[in-house]
Amino acid sequence: MPDSIPFDVAARDVAIRAIGATIVDVPTVRRHKLAQTAVSAQSYVIVRVRLANGAEGIGEAATLGGPRWSEESVEAMKANIDAYLAPALLGHPADRIAQARCRLDAAAKRNNAAKAAIESALFDALGQTLGIPVAVLLGGIVRDRFPVLWTLASGDAGQEIEEAEQKLEAREHRVFKVKLGAHAPEVDLARMQRIAAALDGRAELIADINQAWDEPTARRWLPALHALGLRLAEQPLPAWNLAGMARLRGQAGMPPLLADESVFDPHDMLAVAQAGAADAVSLKLVKHGGLLGLQRIAAVADAAGIGLYGGCLLESSVGAAAHLHAFAALPVLEWGCEHFGPRILTADLVETPLRYEDFNVLLPSGPGLGVRLDEAAFTRFART
Ligand code: MUC
Ligand code: MG
């Protein structure tokens, strides 16, 4: 048995020569307010991987308000990449990505977002070396356009209705996710009622509570949201409360529940499935540690009859492109995606931003991730 594949990629010298991590902060077009934080700029770690053959791959790790959405901050990610994760991969062949992921796991516990950015950059560099898109490396393209929603998160119903009208008019988005939980439930319900009445029959709504409610609160207020025709209620309860989520699902008059912060690794996904805690799961590279991890979560969810939703953490076109390649190769993606991130930034980080057309976002074409860093934007937003 040869210990390598017959098509000898190693002959192209794909040894990893350098891995660099840079923090960038990009202002958003408006304040984005969710239950646990509010941001006016998005912070990312951009990872650049260089191979011996000269190919350079890029990857991105997004955060939302420092270590508030999950435990990783850009500062911690950069420190751990520089000190532990990058050294673990120097000299490793980039065509052995699954093995590289094992090395990363041996070098650091969790750090899923940091690992995802490195893994995306490896996929990008390898795809460029071979002249094929990352989705092809993942099994091939099943779909190359994705229904994409927009998130309303200023907290001001008047502004949110106006923003939704603009997106409808431009035929960019007709599903809207509303961020709840920063205010009392009755205030949020009144806001949802205004939005639902204004957009009635022309748009669909999802609510993301970002873990802000306890079980009695959710039991009381979710039926009122259901009565508004809510498509999905995302993570109403704390991430750990799977039994509570399952009890809510067992109650009549509830919207379908989407698990987000409850599912990082495949064990979490299995626990959600075993508890009967969700109807769908939000897939995100920052949670699952990369594209291979995302595929594993999707397989467990699929086996349990749990629907797949293409989640985001307000990525630029770098991170969004990586997600779209992973989503493109999934056998099913019932709930579409939410990769509106590039449009909430005042400027993107790539030369040619993702395209939005007819309520869909399109998979970028070309080898690797299909996006190239805009060096001027990268330098402008890099933290010094
Ligand atoms: C989340 O919890 O889903 C994704 C879209 C958005 O507005 O917030 C994020 C995080
Ligand atoms: Mg969420």
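Atoms within each ligand, like the ligands themselves, are counted from 1 in listed order.
- No part of L34 comes within 4.0 Å of ligand 1, judged by heavy-atom distances.
- Near the Mg ion (ligand 2), less than 2.8 Å away, sit the protein N, O or S atoms D208 OD2, E234 OE2, D260 OD2.
- Between H226 atom NE2 and R231 atom CZ the span is 14.5 Å, to the nearest 0.5 Å.
- Residue L330 is grouped with residue L369 when hydrophobic side chains (ILVMFWY) are merged at heavy-atom distances under 4.5 angstrom, including chains of intermediate members.
- Few gaps surround CZ on R383; more than 12 heavy atoms of other groups in view lie less than 6.0 Å from it.
- A salt bridge is defined here as a Lys NZ or Arg NE, NH1 or NH2 lying under 4.0 Å from an Asp or Glu carboxylate O, and D268 with K287 fails to meet this definition.
- Close approach of ligand 1 to E234 (heavy-atom distance below 4.0 Å) involves ligand atoms 3 (O).
- For E165 and R202, the salt-bridge test passes: some basic side-chain N is under 4.0 Å from an acidic carboxylate O.
- Contact annotation: for Q235 versus ligand 1, there are no heavy atoms closer than 4.0 Å.
- Every atom of ligand 1 is numbered from 1 in the order shown, and the set under 4.0 Å from a heavy atom of D260 is 1 (C), 2 (O), 3 (O).
- Residue pairs meeting the salt bridge (charged side-chain N to carboxylate O under 4.0 Å, His left out) criterion with at least one member in residues 329-339, sequence neighbours excluded, are K177-E338.
- Residue contacts with ligand 1, taken as heavy atom pairs separated by less than 4.0 Å, do not involve H339 at all.
- Shown in contact with D208 at under 4.0 Å from a heavy atom are these atoms of ligand 1, numbered in order with element: 1 (C), 2 (O), 3 (O).
- Counting the atoms of ligand 1 from 1 in the order shown, those under 4.0 Å from a heavy atom of T151 are 5 (C), 6 (C), 7 (O).
- In this comparison of Q36, K177, Q211, the heavy atom closest to atom 3 (O) of ligand 1 sits on K177.
- For ligand 1 and K284, the ligand atoms under 4.0 Å from any heavy atom of the residue are 1 (C), 2 (O), 3 (O), 10 (C).
- Both the backbone and the side chain of C312 come within 4.0 Å of ligand 1, counting heavy atoms alone.
- Screening Y356, F146, F327 for a ring-ring contact (aromatic ring centres under 6.0 Å, His included) involving H339 leaves a single residue, F327.
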If you apply the rule side chain to side chain donor-acceptor pair (under 3.5 Å), what do you find for N53 with T129, and how did you get there? CA-CA 8 Å; N53 65 7; T129 298; 3.1 Å; yes
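- In this structure, the ring of W150 has its center less than 6.0 angstrom from the ring center of F340.
- Residues S316 and E60 bring a donor and an acceptor atom of their side chains to less than 3.5 Å of each other.
- Counting the atoms of ligand 1 from 1 in the order shown, those under 4.0 Å from a heavy atom of L313 are 10 (C).
- Between N210 and E261, the side chains place a donor N or O and an acceptor N or O closer than 3.5 Å (distance only, hydrogens not considered).
- The distance from the NZ atom of K33 to the NE2 atom of H183 is 3.5 Å, given to the nearest 0.5 Å.
- Annotation for ligand 1: atoms under 4.0 Å from non-hydrogen atoms of N210 are 1 (C), 2 (O).
- Protein heavy atom at the shortest distance from atom 9 (C) of ligand 1 is K179 NZ, 3.7 Å.
- Of the protein's non-hydrogen atoms, the one nearest atom 7 (O) of ligand 1 is H32 NE2, 2.8 Å.
- Taken to the nearest 0.5 Å, the CG atom of L285 stands 10.5 Å off from the CG atom of L313.
- An N or O contact shorter than 3.5 Å links W69 to ligand 1 by distance.
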